Structures are given as structure tokens and as C-alpha cells.
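Because the structure is predicted, anything quoted here is derived from the model rather than measured. Order of the sequence lines sets the chain letters (A, B, ...), proteins ahead of strands, with each chain counted from 1. Only heavy atoms go into these numbers, but all of them, side chains included; no hydrogens, no water, no symmetry mates.
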2 protein chains.
Amino acid sequence: MAKGKRATAMAENRAKLIRAARKAFATQGYADASMDELTAAVGLTRGALYHNFEDKKGLLWAVVEQIDGEMAERLRIAREQAPSLWLGLLAEGSAYIEMALDPEIQRIMLLDGPAVLGDPSKWPGENACLEITMRTIRALIEQGIVKPVDVEAAGRLLNGAALSAALWVAAADDPKSVLNKAVDAFRELASGLLRDAREPA
Amino acid sequence: MAKGKRATAMAENRAKLIRAARKAFATQGYADASMDELTAAVGLTRGALYHNFEDKKGLLWAVVEQIDGEMAERLRIAREQAPSLWLGLLAEGSAYIEMALDPEIQRIMLLDGPAVLGDPSKWPGENACLEITMRTIRALIEQGIVKPVDVEAAGRLLNGAALSAALWVAAADDPKSVLNKAVDAFRELASGLLRDAREPA
DNA sequence: GTAATTCACATACGAGGCGTATGTCAAGAG
DNA sequence: CTCTTGACATACGCCTCGTATGTGAATTAC
């Protein structure tokens, strides 16, 4: 049982470091986040960091993975609450846009993440958000609601549109009205994928 | 006239530094680019750098501004060569995607730029690329070809879609076939903006 | 039961890199 | 001819990262 105790203590320290990193990376950005400060903030030193993670990048990997999972979960919920698959796709887009309003997500997942870790499409967890969107599109094609487009291409461009919309909204002086415009435009664009121009229920 | 000589010499050094920075930032990334190496590569020192620019960020600003201008010019040409305004919009999208295949543009404009300088929509030169897209959309609305959508919203989402398409293509193992898929998907999405589902010539 | 090993960190060290303060030399001003 | 200005170069200090080494507790071996 003593071994279990040590294992959980280590897991707690890992969690502490990740939590501290989320804060530090979100508020100061990856480059300006000091590992000394970050670790000291949770009563540890850089020694713990380099023992639990590969390096500074490794810590960012862990943070990104955690946030990515949370985002995917929220997307899944948004889609499941929609009354139809097509509205589910639109709901995913809206949810994605709204998520990107979170400074943490914006900074870590949309700015520093890609810059430091490279293209998100090659992240492990295989970009859970994209996977979800693709699954929805694939189902819509099978139902004959969406044109037989390339699923990955459509998913990526749709997510890309949502992403830029999110950044726009986040940087706007008047986020509320801009959010409405962004969501509307997203619907119009998405409707280009429809087999019939008229949107289904 | 001696004053002119000094002025041009300074301009040349500025240009040298910017050129060196484009190379260094593109190949090593902003964070890993050493100012000592960068300046030494053109026979100068960091002294010249901090005299001509505010700091490392300032140099990146200058580089970004230069590349942004070049990109806008290429977009303009792509649109002007198209036989119609609508096809011009699609041509812009394709050109944007193809440009992002350039590692320099990808790294500096799409990855490090946003991470270090913040949201591109607030860059000076006011994001020339977006301006061009918006102008085209506005004209298409006036001609009754495109739905009366919010111009900025449509422009941003369209550019965002092109951007993510570009990143996808750039990171692909087989860029050629992926490029086709991406351009196709872009057209489908864009057609969502059309008043009539049938695409005009 | 004790000696040895492993583990999960802490501490210490070295190597850059950035920004700034200071020095320098040529060019114009007066 | 002196003085100032400008365009750099040189020198310095501070910070940060990664690694090498130390350490005490926990586990294992005997």
C-alpha cells in the first residue's frame, strides 16, 4: 500500500504542475512563463518538472492534451443536445466559437500550441475536436443531407472557419454582437455543404 | 549629398537585417532564432539591430509587414486574372492556400506571428489580405450574386477556412492530392454564400 | 534486521540569449 | 577646428533553460 501512496502523491504533483502550467501559459504565454516561478507556485522546483516531464515542451504537451479532451467533451455535448444531426453540426461550430472566447483556450490551444508544437492536425489525441466534426459530417453524408464532399477537407475548413471566427470575436471590442455575426456567417458557409440549398430542420 | 549616402546605407542595413530575419525566423522559428547569429550573418552586430528596431519583436513586426504586403499583392493579381468576380473570390482562396505552402509564410505569418504579435486582425497594414477579400465580397453582394451577409464576418471565416486548409496541405505527406481536396472543399463552403445555389460563371 | 537499490524530487552548475549601458568613429554644424 | 550627432560596436548583467549531481525516504534483497 505504501507504493500506492507514493504513486498517488506523484500523480498529484503531476496534476499540480499541469494546473500551474495552464495558469502560467494562459496568462503569460508559453515563452514568458518561467519554470522556476511555475513550479515554486505549487511548492516544487524544476527538479520535479524535469522528472515528471521531458522538458518545457513536454509540460505544454500535457496541458494541451488535457484541454483538448475537455474541448472534445463540450463539443460532444453540444451536438448531442441538438434536435437533428445538421443542427448538431451547427451547434458544434457555435460551441467551438464560444470556447475560443476562453483566454486559456485561445492562448494555449490556438496561439502558442501551434507555434511551439507544430500543426495541430498532427497532435496526439489526433485532434479530438476535428475527429468529432468529421464523424458528424460523415453521418450527414450517409443520410444524404450533405453533398459527398471529402470528409476531412470539409471538417478542417469548417473548424478553421470557426477558429478564425473565434479569434475575431475574442479580439472584438463588442464581443456579443460580433458573436452573432460570426455564428450567422458560419451557418451560411456550412450551408454550402448541403445537398439541397434549403436547410433541413 | 553625403547625408543621402548615410541614409541609404542605413536603409540597406535595415533591408539586410530584415532579409536575414526572414531566413532565420522561417528556418529556426522566432524563439530559436539568435539575434547574434542573425546579425553576424550579414556582417553586423546586435547593436545595429537595436538601433534600427525596437527589439526582437520589432524586427518581427518589420518582417511581417513586408510579407503581408507581398501576399496582398499576389492575392490581388490572382483575383484580377479571374474572368468573373465570383471566380475571383475563389481564386483568392486558392491563391491563399497555395501561398501557405511556402514554409516562410507558414512559419512566420501563420504560426509565430500570431503567437508573438497577437491576433493578426489587429496587425497594422490592417491585414491587407482580409481587406482584399472583404472588398471582393462587398462587390459580389452589390451585384446580387452573394447573399447580403455581414461582409467582415464572411471574409474572416472564408480566410480562416483557407488558412486551415493551407496548414493542412502544408503538413500533408502528399500535398498535391490534399491541395485538390482542400480547394474543392473551399469552393463548396464558399458556395454557401451564393444567393442562388447554382454557381455563376 | 540491515544493507543495497530505487525513486522522486532538490540543489548546483554551465551555457546561451536578450536588453541596455557605454564606447567609438565618421560626418556634418558652427 | 571644435562640438555635436548619428550609426553602429562592445561590454555587462540578468534571466532562463537543461543537465549533472546530491539526498532522504521507501522498497527490495539477503
Side-chain angles (χ1 to χ4, degrees), chain A residues 1-64 108 112-113 115-117, chain B residues 1-21 23-64 107-108 112-113 115-117:
Chain A
M1 208 36 169
K3 187 170 189 179
K5 244 183 186 170
R6 267 181 49 180
T8 55
M10 186 174 175
E12 279 173 14
N13 281 347
R14 266 188 68 100
K16 272 191 203 171
L17 289 172
I18 292 180
R19 252 177 291 163
R22 283 180 70 149
K23 257 187 217 166
F25 290 161
T27 57
Q28 314 177 19
Y30 175 80
D32 291 340
S34 163
M35 303 310 250
D36 275 325
E37 289 181 13
L38 190 156
T39 52
V42 291
L44 295 170
T45 69
R46 283 211 328 275
L49 211 171
Y50 288 94
H51 186 71
N52 280 283
F53 304 91
E54 191 70 19
D55 53 4
K56 191 178 181 182
K57 259 193 202 177
L59 181 58
L60 180 57
W61 275 115
V63 169
V64 161
I108 298 178
D112 288 337
V116 177
L117 306 178
Chain B
M1 214 28 163
K3 188 167 189 178
K5 241 180 188 172
R6 268 181 51 181
T8 55
M10 186 173 175
E12 279 172 15
N13 281 347
R14 265 187 70 99
K16 271 191 203 171
L17 289 172
I18 292 180
R19 252 176 291 165
K23 257 187 215 166
F25 290 161
T27 57
Q28 314 177 18
Y30 175 80
D32 291 341
S34 163
M35 295 289 126
D36 276 325
E37 290 181 12
L38 191 157
T39 50
V42 291
L44 295 171
T45 70
R46 284 212 327 278
L49 211 171
Y50 287 93
H51 185 71
N52 279 283
F53 304 92
E54 191 71 18
D55 53 3
K56 191 178 182 181
K57 258 193 202 175
L59 181 57
L60 179 58
W61 274 115
V63 169
V64 161
R107 184 82 206 184
I108 299 177
D112 288 337
V116 176
L117 305 179

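- A straight line from CG of A:D36 to C1' of D:dC14 spans 13 Å, rounded to a whole angstrom.
- Rounded to an integer number of Å, the gap from A:K16 NZ to C:dA8 P is 15 Å.
- Checking D:dA7, D:dG18, C:dT20 against every side-chain atom of B:Y50, the shortest atom distance belongs to C:dT20.
- Atom CG in B:D55 sits 9.0 Å away from atom CG in B:L49 (nearest 0.5 Å).
- Comparing D:dG18, C:dC9, D:dA7 by their closest approach to the side chain of A:D55 singles out D:dG18.
- Nearest to the side chain of B:T45, among D:dC8, D:dA9, C:dC9, sits D:dA9.
- Contact annotation: A:N52 does not reach the phosphate of C:dA8 (side-chain N/O to OP1 or OP2, under 4.0 Å).
- Side chain of A:D112 to main chain of A:G29: no donor-acceptor pair is present (N/O by atom type, distance under 3.5 Å, no hydrogens or angles).
- Residue-environment remark: CD (B:E54) stays at or below the threshold of 12 foreign heavy atoms within 6.0 Å.
- The interatomic distance linking B:D32 (CG) with C:dG16 (P) rounds to 14 Å, in whole Å.
- Remark: A:H51 is not in phosphate contact with C:dC9, judged by side-chain N or O atoms under 4.0 Å from OP1 or OP2.
- Atoms CE (B:M10) and C1' (C:dG28) sit 16 Å apart, rounded to a whole Å.
- For B:R46, whose side chain is taken as the heavy atoms from C-beta onward, the closest listed nucleotide among D:dG18, C:dC18, C:dA10 is C:dC18.
- Within the 4.0 angstrom heavy-atom criterion, only backbone atoms of the sugar-phosphate kind lie near B:A33; the bases stay farther away.
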Take A:R14 and A:L17 through the side-chain contact (heavy atoms from CB on, under 4.5 Å) test and state the conclusion after the steps. CA-CA 5 Å; A:R14 266 188 68 100; A:L17 289 172; 5.8 Å; no
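- The side chain of B:L44 lies closest to D:dC8 when the candidates are D:dT16, C:dA10, D:dC8.
- Summarising the geometry, the separation between CG on B:L49 and C1' on C:dG17 is reported as 13 Å, rounded to the nearest angstrom.
- Residue B:K57 contributes atom NZ, which lies 14 Å from atom C1' of C:dG19 at whole-angstrom precision.
- In this structure, of D:dC17, C:dC9, D:dA7, it is D:dC17 that holds the atom nearest to the side chain of A:M35.
- A donor-acceptor contact shorter than 3.5 Å is absent between the side chain of B:K16 and the backbone of B:G43.
- Rounded to an integer number of Å, the gap from B:E54 CD to C:dC18 C1' is 14 Å.
- Rounded to whole Å, the distance from CG on A:L38 to P on D:dT16 is 12 Å.
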